[in-house]
Structures are given as C-alpha cells and as structure tokens.
Amino acid sequence: MTINLDDSANQKTISDVMNLKNTVLPDAVLKVENKKISITDSKTESFADFVPLCEAIRGVEGVLMSIQEECPLVCAAKKQFKTFNLSGRIIFIAGPCSVENEKKYLETAVILKKLGVHALRAALFKPRSSPYAFQGLGFDGANILKKAKQETGLLLVTEVTDTRQINELKHITDILQIGARNMRNYDLLKEVGRSKMPVLLKRCAKSDVREFLLSAEYLLKYGTTDLILCERGDNLDSECSINQDIIIAIKRITNLPIFVDPSHSSKNTNKVITAINTAIVLGVNGFLIEADINPTESITDGRHTLNLNDLNKIISSVKINRKI
Ligand code: PEP
Ligand code: MN
C-alpha cells in the first residue's frame with residue numbers, strides 16, 4: 001500500500017503513521033520515501049481497516065491499495081470452473097429471461113439441448129424495476145425446472161435474490177446467479193458463499209473493476225470455490241453495450257472465468273451478435289444469453305431475446321471458429 005503525503009506533512013505525520021502501523025499492522029514493513037510511505041505485508045486483510053485510520057492523520061493526502069492487496073483470493077484464483085470444463089471452449093448458458101409457463105419452457109429447453117447449449121437459464125425470481133411487473137414464478141416454478149432437467153440433463157442457472165431462497169434452491173438448481181442489482185448485496189454474497197454452490201456473479205451497471213472484484217472476493221472469502229464473473233453492460237433499462245475495458249482489466253488481474261451477457265447489454269436482438277463477436281475477440285469463456293421458442297410472447301425482455309433459429313446460427317458460427 002502507498003501512503004501519499006501532502007505539503008503539510010511533517011515529522012509528526014510520519015511518526016503518527018508509524019505508530020498506527022505498529023498497532024494495527026505489527027508485522028508489516030514500512031518504508032519512508034520522498035513524499036510517500038510504503039507498507040508491505042504477506043497478509044493484507046488488515047489493510048482495509050488501516051486505510052481510513054491512516055487517511056485521518058494530518059499530512060496524509062490519501063492511501064492507495066493495489067488490487068492484489070484488496071482482493072488476494074480473486075488474484076490468486078486458479079483458471080478453472082469445476083462445474084463446466086472450460087478448457088479451450090466457449091460455454092453457452094441460454095434460455096428465456098424468466099420461466100413463465102411449463103409448455104413454453106420445456107419446448108425451449110429441449111431445442112436448446114439439441115443446439116448444443118451447456119446450461120439453461122432457469123430464472124424463478126425476477127428483480128424488476130416496477131413492483132407491478134411480473135416478478136417470476138418463484139418456487140411455484142420449481143417443478144418445471146425439475147422436468148427440464150430430467151428431459152435435457154442440462155445444468156440449471158437460477159438467480160437468487162434473497163438469502164431465504166438459498167436452502168431450497170440448493171435442491172432445485174446447479175448454479176446460483178447473482179444479478180447486477182444484487183452485486184452490492186453483501187449479506188447475500190456472504191450467504192451464497194457459505195452455501196458452497198457454484199456462482200455466476202454479474203457486474204452491477206456502472207460499477208468499476210475494483211468494486212466488482214471486491215464482490216467476488218466476498219464470495220471466495222465466505223466459501224465459494226466455483227465462480228464465474230459476468231459482464232452485462234452499464235445500463236439497467238436502456239440500450240448500451242458490453243464494457244470492453246472491464247473485460248480486459250479482469251483478464252489482466254484474475255484467472256477467474258469471464259462470461260458476457262450480450263442480451264441485457266444490448267437490449268435489442270440486432271446487437272446481440274456484435275456483442276458476442278466483440279467478446280470472443282477479447283477471449284471470454286462463455287455467454288449468458290436470452291433465447292426462447294417464441295420471444296414475441298415473452299412477458300419479460302422479448303425485445304432482446306433471440307429466437308432459437310438465430311441462436312442456432314450464432315452457436316454454429318462460433319463452433320466453426322472455436323470448440324464449444
Ligand atoms: C438476468 O440475467 O436475468 C438479469 C436480470 O440481468 P441483470 O441482473 O444483468 O440485469
Ligand atoms: Mn432478462
């Protein structure tokens with residue numbers, strides 16, 4: 001960590017920083033340079049509480065922690081996801097925005113299996129901007145998911161919106177999705193971590209890499225061992241695109257798999273393919289994509305939901321260039 005000093009810094013500033021370090025970080029090594037003090041330690045968990053105390057010292061301009069110091073588990077993560085074999089493959093998780101009725105969901109699921117997707121979107125709980133909008137079937141849809149799994153053998157990915165859902169979801173789904181709106185729900189992250197279930201964590205619109213990776217760090221600290229990060233663009237309700245800088249930075253910092261949601265980041269089926277091609281060039285591991293047998297009849301997100309012919313074309317074109 002680097003402590004930057006301002007023009008009012010004097011000998012007392014340095015001795016105050018040293019005293020604080022000796023109390024809060026007894027094993028850390030402190031080095032005074034020109035207008036800076038650097039502190040290093042093999043363990044950096046206690047840095048988080050040192051920073052605000054240090055920044056309150058007169059003469060300290062600010063304190064900077066590196067991403068490796070803030071997110072040690074994310075930065076040390078291995079390049080693997082045990083639930084899917086990722087090696088050299090592009091993974092497709094596809095399905096409707098939400099499970100709406102049995103007939104449509106099962107028909108969609110069976111075709112998706114034939115198209116070669118690896119897992120189904122299996123959303124029962126929908127966090128909606130309007131309290132009057134369809135909120136998902138909730139656990140009333142559990143039986144539909146059971147049938148979809150029996151008929152296709154595909155893995156299920158289900159968004160969890162509340163800690164009270166976790167115990168039941170353990171028996172229904174394979175991977176818990178944490179949606180963009182809940183990336184900052186730290187109690188949810190802790191409980192999902194404790195569940196030890198595989199997780200797909202979506203980046204909250206407009207959050208930066210640091211905040212995204214700190215949320216991933218919560219999951220890893222509390223018990224998650226199988227984690228996918230998912231970029232989903234910077235707007236919740238209007239058209240946008242995937243944030244390429246975020247993907248590039250994540251790939252530089254961590255080995256955790258990175259997926260892209262080309263649907264919510266495009267908000268329009270015409271733009272989904274562009275988002276997919278961009279993401280492939282950036283070296284992502286897979287996609288979370290909205291597709292349905294009849295998008296025009298979908299209660300949620302029909303505008304950016306692909307029909308299954310279009311999804312087939314996309315999967316085939318990716319297949320030609322890459323193993324999927
Ligand atoms: C979703 O993938 O079902 C979803 C609601 O997307 P987001 O959390 O990215 O808005
Ligand atoms: Mn949706």
Side-chain angles (χ1 to χ4, degrees), residues 79-99 104-123 145 148-149 151-159 173-177 179 198-203 226-233 241-242 247 251 256-295 298 301 304-324:
K79 202 182 190 75
Q80 65 171 22
F81 185 71
K82 290 176 234 84
T83 314
F84 299 127
N85 171 14
L86 291 172
S87 59
R89 307 200 304 166
I90 302 276
I91 299 291
F92 280 89
I93 303 168
C97 179
S98 52
V99 180
K104 191 148 115 57
Y105 189 75
L106 294 183
E107 282 173 7
T108 301
V110 167
I111 300 174
L112 288 173
K113 163 81 177 173
K114 288 192 187 128
L115 299 189
V117 313
H118 304 87
L120 295 172
R121 282 185 55 94
L145 294 188
K149 203 169 166 65
E151 288 190 28
T152 65
L154 289 172
L155 295 167
L156 304 177
V157 181
T158 302
E159 178 162 357
T173 195
D174 301 290
I175 299 172
L176 293 178
Q177 174 176 326
V199 181
L200 181 143
L201 172 69
K202 299 186 83 172
R203 182 176 69 89
D226 232 9
L227 176 60
I228 290 172
L229 304 174
C230 183
E231 159 56 17
R232 52 83 71 220
S241 60
I242 53 171
I247 298 171
K251 284 188 65 73
L256 287 169
I258 171 91
F259 278 41
V260 155
D261 174 347
S263 309
H264 292 96
S265 57
S266 300
K267 287 276 169 205
N268 190 326
T269 48
N270 299 332
K271 299 198 170 164
V272 170
I273 182 74
T274 316
I276 289 179
N277 288 335
T278 307
I280 287 180
V281 172
L282 294 175
V284 302
N285 301 97
F287 295 97
L288 175 72
I289 185 163
E290 291 191 348
D292 190 277
I293 194 162
N294 192 353
S298 297
D301 287 351
H304 63 235
T305 300
L306 294 175
N307 66 47
L308 301 182
N309 281 336
D310 288 345
L311 180 68
N312 189 22
K313 281 186 209 143
I314 289 173
I315 293 180
S316 307
S317 78
V318 173
K319 246 187 208 165
I320 292 169
N321 303 315
R322 296 281 298 257
K323 245 184 343 179
I324 74 161

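Along the sequence shown, residues carry numbers from 1. Not measured: the values here are computed from a predicted model.
- Within the structure, salt bridge (Lys or Arg N to Asp or Glu O under 4.0 Å) contacts touching residues 278-292 (residues at least two apart or in different chains) are Lys104-Asp292, Arg121-Glu290.
- Annotation: salt bridge (Lys or Arg N to Asp or Glu O under 4.0 Å) contacts involving residues 272-288, sequence neighbours excluded, are absent.
- The shortest side-chain heavy-atom distance between Val110 and Lys113 does not fall under the 4.5 Å cut-off.
- Of the options Arg232, Glu231, Lys202, a side chain to side chain contact (heavy atoms under 4.5 Å, CB included) to Leu288 is made by Lys202 and by none of the others.
- Panel note: side chain Ser317, backbone Ile314; a donor-acceptor pair is recorded below 3.5 Å.
- Remark: Thr274 OG1 to Ile242 CD1 distance equals 9.5 Å, nearest 0.5 Å.
- Between Leu112 and Gly95 the shortest heavy-atom distance is CD1-CA, 3.7 Å.
- Open room surrounds NZ on Lys114; 12 or fewer heavy atoms of other groups in view lie less than 6.0 Å from it.
- For the residue pair Lys149 and Leu156, the shortest heavy atom distance occurs at CD-CD1, 4.0 Å.
- Distance check, rounded to the nearest 0.5 Å: CG of Asp310 to OG1 of Thr305 gives 11.5 Å.
- Closest heavy-atom contact between Phe259 and Ile228: CD1-CG2, 3.4 Å.
- Put simply, CG on Asp261 and OG on Ser266 are 8.0 Å apart, with the number rounded to the nearest 0.5 Å.
- Val272 approaches Pro262 most closely through the heavy-atom pair CG2-O, 3.7 Å.
- Here the rule is side chain to side chain contact (heavy atoms under 4.5 Å, CB included) with Leu200, and of Ile93, Asp226, Thr83 only Ile93 fits it.
- In terms of modelled atom types and a separation under 3.5 Å, the side chain of Thr158 and the main chain of Ala122 share a donor-acceptor contact.
- With a 4.5 Å cut-off on side-chain heavy atoms, Phe287 and Ile280 count as touching.
- The side-chain heavy atoms of Ile247 and Val260, taken from C-beta on, include a pair separated by under 4.5 Å.
- If you take CG on Leu106 and CG on Leu145, they are separated by 9.0 Å, rounding to the nearest 0.5 Å.
- The aromatic rings of His304 and His264 stand perpendicular to each other, their planes meeting at an angle above 60°, with 30° marking the opposite boundary.
- Atoms CG and CG, from Leu308 and Asn312 in turn, are 8.5 Å apart once rounded to the nearest 0.5 Å.
- Side-chain atoms of Ile289 and Ile276, non-hydrogen and from C-beta on, do get closer than 4.5 Å to each other.
- Here the CG atom belonging to Asn309 is positioned 9.0 Å from the CD1 atom belonging to Ile111, to the nearest 0.5 angstrom.
- No side-chain heavy atom of Ile91 sits under 4.5 Å from any side-chain heavy atom of Phe81.
- The side-chain heavy atoms of Ser263 and Asp301, taken from C-beta on, include no pair separated by under 4.5 Å.
- Across all their heavy atoms, Ala123 and Cys97 have their closest contact at CB-O, 3.3 Å.
- Between Val157 and Gln177, the closest heavy-atom pair is CG1-OE1, 3.8 Å.
- A donor-acceptor pair shorter than 3.5 Å can be found between the side chains of Ser87 and Asn85.
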